[in-house]
Amino acid sequence: MIRTVESPAHASAPVLAAYSYCEAVTGQQARNFAYGIRLLPTPKRRAMSALYAFSRRVDDIGDGALADDVKVARLEDTRELLTRIREGEVDEDDTDPVGVALAHAARQFPIPLDGLDELIDGVQMDVRGETYETWDDLKVYCRCVAGAIGRLSLGVFGTEPGARGAERAPEYADTLGLALQLTNILRDVREDAEGGRTYLPADDLAKFGCSAGFSGPIPPEGSDFAGLVHFEVRRARALFAEGYRLLPMLDRRSGACVAAMAGIYRRLLDRIERDPEAVLRGRVSLPGREKAYVAVRGLSGLDARHVTRRTVRRRT
């Protein structure tokens with residue numbers, strides 16, 4: 001069982017200011033994520049915003065226009081900050097609000113900070129321009145940049161006392177991260193191509209005649225782009241089905257947060273499946289009213305109860 005340690009009601013003014021900064025970054029840069037963590041109690045919401053702000057910094061370095069050697073140096077700077085946090089060397093009056101907030105969060109919750117080292121490793125793979133021949137190759141990258149975030153988040157959420165199978169919670173959190181990342185890859189296939197990146201496995205692209213890439217709003221001539229998308233959608237759905245087994249292990253509000261974020265991405269997946277070429281024309285997204293419905297569904301516990309019933313049927 002993974003327990004959480006709730007932060008005390010009082011936090012110093014510098015710490016509160018640092019959390020406010022991280023929450024502002026989260027609200028501006030990650031609407032889906034911010035929507036989900038609204039459902040958490042304040043200490044957990046703040047800790048999740050600190051995790052996001054640090055992760056965003058790492059991602060922005062990898063996605064920026066700096067020279068590769070400068071990116072590598074900046075990534076090592078973030079790793080040094082992580083080492084200082086791990087060793088308790090970041091004080092409340094430190095000038096870096098992300099460092100202050102994450103250090104405080106790590107004192108309040110059993111966050112496995114090594115997961116942020118994995119995130120840095122994954123972004124370094126981007127900087128090196130790595131490509132992926134097979135799904136097994138791509139999984140290594142996805143576990144670094146998304147599976148690790150799932151495990152980090154679980155450190156904040158914790159598991160319910162007596163939750164059955166809780167020893168597998170990190171595995172399910174990791175798998176749910178893979179599902180979210182594969183959905184992201186499908187949604188951003190055109191945007192990534194314009195940035196010179198291809199994440200889908202080369203053998204999948206070849207199988208569906210898409211090795212030429214995605215440089216425009218229409219699929220490569222003679223390709224089965226819809227077949228490729230539907231193939232990857234089925235893979236993502238299988239990952240969601242496995243990762244959703246985490247939900248019954250969480251408390252109600254943590255489970256609602258996870259269900260909301262995952263539910264938004266599952267609905268994105270539905271839209272992509274219905275109109276595969278939409279991802280070549282622009283970014284697929286959900287309207288606010290649909291996100292609100294997903295949040296209400298998460299708070300109601302419908303997704304967690306559905307997973308529990310399905311798991312019981314399999315056992316019997």
Inset, instruction - Verify the cluster assignment for Leu16 and Phe109: are they in a single hydrophobic cluster under the rule of side-chain heavy atoms below 4.5 Å apart? - result: no
Legend entry - Check: Phe214 ring centroid to Phe225 ring centroid under 6.0 Å: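 Judged by ring-centre distance (under 6.0 Å), Phe214 and Phe225 do meet the cut-off.
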Inset, instruction - Please report the C-alpha distance between Asp136 and Lys139 in whole Å, then the side-chain angles of each, then the deciding distance to 0.1 Å, and finally whether the salt bridge (charged side-chain N to carboxylate O under 4.0 Å, His left out) criterion is met. - result: CA-CA 5 Å; Asp136 284 341; Lys139 274 198 296 189; 3.4 Å; yes
Legend entry - Inter- and intrachain pairs under ring-ring contact (aromatic ring centres under 6.0 Å, His included), touching residues 67-100, at least two apart: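 Every pair satisfying ring-ring contact (aromatic ring centres under 6.0 Å, His included) with a residue in residues 67-100: there are none.
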Charged N-O contact under 4.0 Å between [X] and [Y]:
X     : Y      : answer
Lys71 : Asp60  : no
Asp63 : Arg197 : yes
Lys44 : Asp251 : yes
Asp96 : Arg84  : no

Inset, instruction - Could you grab the distance from atom CD of Glu80 to atom CD1 of Ile85, nearest 0.5 Å is fine? - result: 12.0 Å
Inset, instruction - Enter the distance from Leu116:CG to Leu102:CG here, rounded to the nearest 0.5 Å. - result: 6.0 Å
Which atom of [X] lies closest to which atom of [Y], heavy atoms considered:
X      : Y      : answer
His230 : Pro276 : NE2-CG, 3.7 Å
Thr175 : Leu239 : CG2-O, 3.4 Å
Ala166 : Thr159 : CB-OG1, 4.1 Å
Leu250 : Gly158 : CD2-O, 3.2 Å

Inset, instruction - Give a yes-or-no answer on whether the side chains of Ser12 and Glu92 include a donor-acceptor pair shorter than 3.5 Å. - result: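 Result is yes, a qualifying pair exists.
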Legend entry - Any side-chain donor near an acceptor of the partner, Glu130 and Gln124, under 3.5 Å: no
Legend entry - All side chain to side chain contact (heavy atoms under 4.5 Å, CB included) counterparts of Pro97, not counting sequence neighbours: Ala18, Tyr21
Legend entry - Heavy-atom neighbours of Ile218 CD1 exceed 12 at 6.0 Å: no
Inset, instruction - Count the heavy atoms of every other residue, nucleotide or ligand shown that sit under 6.0 Å from CZ of Arg45, and state whether that count exceeds 12. - result: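 Check passes, neighbour count above 12.
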Legend entry - Test log, rule salt bridge (charged side-chain N to carboxylate O under 4.0 Å, His left out), inputs Asp68 and Arg128: CA-CA 8 Å; Asp68 287 351; Arg128 292 194 299 268; over 6 Å; no
Inset, instruction - Give the intermediate values and the outcome of salt bridge (charged side-chain N to carboxylate O under 4.0 Å, His left out) for residues Asp121 and Arg143. - result: CA-CA 10 Å; Asp121 292 341; Arg143 289 194 190 284; over 6 Å; no
Partner residues of [X] under the ring pair (Phe, Tyr, Trp, His ring centres under 6.0 Å) criterion, sequence neighbours left out:
X      : result
Tyr141 : Tyr132, Tyr199
Tyr19  : His104
Tyr52  : Phe33

Inset, instruction - Using the ring of Phe231 (Phe, Tyr or Trp, six-membered ring only), decide whether Lys207 places NZ or CZ under 6.0 Å from its centre and within 45 degrees of its axis. - result: yes
Inset, instruction - Could you tell me which residues satisfy salt bridge (charged side-chain N to carboxylate O under 4.0 Å, His left out) with Glu191, sequence neighbours excluded, listed by chain and number? - result: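 Applying salt bridge (charged side-chain N to carboxylate O under 4.0 Å, His left out) to Glu191 gives Arg283.
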Inset, instruction - Please test Arg190 against Glu194 for salt bridge (charged side-chain N to carboxylate O under 4.0 Å, His left out), starting from the C-alpha separation and ending with a verdict. - result: CA-CA 6 Å; Arg190 168 82 183 276; Glu194 290 174 346; 3.0 Å; yes
